[in-house]
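For reference, the structure is listed below as structure tokens.
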Amino acid sequence: MKRLLMSLALSLSLTLTPALAAGTLTVDGRTVDADATVRNNTTYVSLRAVTQALQPDALILWTGDRASAEGDNFTLTAQPGALYLEVNGRALYIPQGVLLENGRTLVPVRVLAEALGADVDWNSATGEVTVTSGDGTILTEYDVYDPDALYWLSRIISAESRGEPLTGKVGVGNVILNRVDHREFPNTIYGVIFDDRWGGQFEPVRNGTVYHDPTQESVTAAKLVLEGADVVGDSLYFLAPSLTNNHWIMSNRDYVATIGAHWFYR
């Protein structure tokens, strides 16, 4: 029920967000009619139109509940309402979600270009968006994610936030990476998770659930975090106040955000 309500809220927010006309879109020097529209300063374009312009031989279909595109070196899917698109095992974050309007699947032009190995330039004076093909290389998950980092990050996310929304899972992953970059914590994901100071940092390490197989959504959240998705800024701590009697963090750290059951602090 929680996920259904979140999905309805996302759909409503996307419907109510004003759409503005975007400037001309060109792909490799050719003007493309891609139904470009601007949502909250993000240029959305037709997945089909831009993919066909960049990859003329790609097969583009509607399969089940999502759009898909397949070429010689890539497979891409985008589900309306989802907060990411997938390409070659990667997950690329779309904060405002994939849109479906007038039968067309719309995604941010920068995210689609990143997925297909292209570059994007925006002319602030004219509003023109220019997409340029790369060298033909389209990255896969094996090119982007360190296997050890993905393994442990997905497991701590799953153990700490099973049942939380995707953004809550991303927030937990953000805290782990923020600690890796902070001088007061170990400088690896494994080191942060298994930091044993003060009796250990994370309950799933103490009770062993960190070793359980992660949910698929937790794996996706870990990928999004490793791709740079950020929902809680510089937070270094999180807790679920209703599930613990230890509220030290709430009294000693600055509040950042609440996502699902978790409260995040810096």
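Because only heavy atoms are used, hydrogens play no part in the values below, and waters and symmetry mates are left out as well, while side chains stay in.
Linking Ile, Leu, Val, Met, Phe, Trp and Tyr whenever their side-chain heavy atoms come within less than 4.5 Å puts L153 and Y93 in one cluster. If you chain together hydrophobic residues whose side chains sit under 4.5 Å apart, L106 and L61 never meet in one group. Grouping the Ile, Leu, Val, Met, Phe, Trp and Tyr side chains by contacts below 4.5 angstrom, directly or via other members, places V219 apart from Y84. In this structure, L100 is not a member of the same hydrophobic cluster as V111, with clusters built from ILVMFWY side-chain heavy atoms closer than 4.5 Å. With hydrophobic clusters built from ILVMFWY side chains whose heavy atoms lie under 4.5 angstrom apart, I138 does not share a cluster with L59.
The side-chain heavy atoms of Y44 and I94, taken from C-beta on, include a pair separated by under 4.5 Å. A heavy-atom distance below 4.5 Å is found between the side chains of E114 and R90. Between T105 and W62 the shortest side-chain heavy-atom distance falls below 4.5 Å. A 4.5 Å side-chain heavy-atom check between R162 and S218 finds every atom pair outside the cut-off. Here the side chains of N178 and F185 are not in contact, with every heavy-atom distance at 4.5 Å or above. Contact annotation: the side chain of L239 approaches that of M250 to within less than 4.5 Å [non-hydrogen atoms, C-beta and beyond]. The side-chain heavy atoms of V50 and L25, taken from C-beta on, include a pair separated by under 4.5 Å. A 4.5 Å side-chain heavy-atom check between V131 and D28 finds every atom pair outside the cut-off.
A side-chain donor-acceptor contact under 3.5 Å links E227 and Y145. With hydrogens and angles left out, the side-chain atoms of Y237 and R253 include a donor and acceptor closer than 3.5 Å. Neither side chain, T130 nor D121, offers a donor N or O lying under 3.5 Å from an acceptor on the other. For the residue pair Q96 and N40, a side-chain donor N or O sits within less than 3.5 Å of a side-chain acceptor on the partner.
Counted within 6.0 Å of CG on D254, heavy atoms from surrounding residues, nucleotides or ligands total more than 12; the atom is thus considered enclosed. Other residues, nucleotides and ligands contribute more than 12 heavy atoms inside 6.0 Å of the CH2 atom of W152. Residue N252 places its CG atom among more than 12 non-hydrogen atoms of other residues, nucleotides or ligands, all under 6.0 Å distant.
G233 and D230 make their closest contact through N-OD1, 2.9 Å (heavy atoms, listed as atom of the first residue, atom of the second, distance). In terms of heavy atoms, G171 sits closest to V232 at O-CG2, 3.7 Å. For T43 against A36, the heavy-atom pair with the smallest separation is CG2-CB, 4.5 Å. When all heavy atoms of V210 and V205 are compared, the pair lying nearest together is CG1-CA, 4.1 Å. The heavy-atom pair separating V120 from R110 by the smallest distance is O-NH1, 3.6 Å. For the pair W122 and V129, the tightest heavy-atom approach, listed with the atom from each and the gap, is CD1-CG2, 3.8 Å.
Side-chain atoms of N102 never come within 3.5 Å of backbone atoms of R104 as a donor-acceptor pair (strictly under, hydrogens ignored). Looking at D234, its side chain never comes within 3.5 Å of a backbone N or O of L236 through a donor-acceptor pair. For the pair N73 (side chain) and G136 (backbone), a donor-acceptor distance under 3.5 Å is present. In terms of modelled atom types and a separation under 3.5 Å, the side chain of R179 and the main chain of I193 share no donor-acceptor contact. Proximity of a side-chain donor or acceptor of R155 to a complementary backbone N or O of Y151 within less than 3.5 Å is detected. Distance alone, capped at 3.5 Å, places no donor-acceptor pair between the T51 side chain and the R48 backbone. When atom types are taken as modelled, the side chain of D143 and the backbone of T140 share a donor-acceptor pair closer than 3.5 angstrom. Side-chain atoms of D146 come within 3.5 Å of backbone N or O of A149 as a donor-acceptor pair. Distance alone, capped at 3.5 Å, places no donor-acceptor pair between the Q55 side chain and the G71 backbone. Between the side chain of N88 and the backbone N or O of L76 there is no donor-acceptor pair closer than 3.5 Å.
R197 has no carboxylate O lying under 4.0 Å from a charged side-chain N of E184, or vice versa, which leaves the two without a salt bridge.
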field: Evaluation steps, side-chain contact (heavy atoms from CB on, under 4.5 Å), between F202 and E160
entry: CA-CA 8 Å; F202 300 103; E160 283 284 4; 3.4 Å; yes
- prompt: Given the rule in the side-chain contact (heavy atoms from CB on, under 4.5 Å) test, do D35 and V45 qualify, once you have shown the distances and angles that lead to the verdict?
  reply: CA-CA 6 Å; D35 292 330; V45 296; over 6 Å; no
task: Would you please test Y255 and Y265 for ring pair (Phe, Tyr, Trp, His ring centres under 6.0 Å) and show each step?
output: CA-CA 4 Å; Y255 171 81; Y265 293 79; 5.7 Å; yes
task: Report the C-alpha distance between T77 and V87 in whole Å, list the side-chain angles of each, state the deciding distance to 0.1 Å, and finish with yes or no for side-chain contact (heavy atoms from CB on, under 4.5 Å).
output: CA-CA 7 Å; T77 61; V87 59; over 6 Å; no
message: What verdict does the side-chain contact (heavy atoms from CB on, under 4.5 Å) test give for L150 and K223, after you've listed the backbone C-alpha separation in whole Å, the side-chain angles of each residue and the deciding distance to 0.1 Å?
response: CA-CA 7 Å; L150 182 59; K223 290 179 178 181; 3.8 Å; yes
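Atoms CD1 and CG, on I259 and N174 in that order, are 8.0 Å from each other to the nearest 0.5 Å. Atom NE2 of H262 sits about 6.5 Å away from atom OG of S161, to the nearest 0.5 Å. Residue S154 holds its OG atom at 9.5 Å from CD of Q216, rounded to the nearest 0.5 Å. Remark: T37 OG1 to L99 CG distance equals 8.0 Å, nearest 0.5 Å. To the nearest 0.5 angstrom, D196 atom CG is 11.0 Å from R206 atom CZ. A distance of 11.0 Å separates OG in S46 from CD in E101, rounded to the nearest 0.5 Å.
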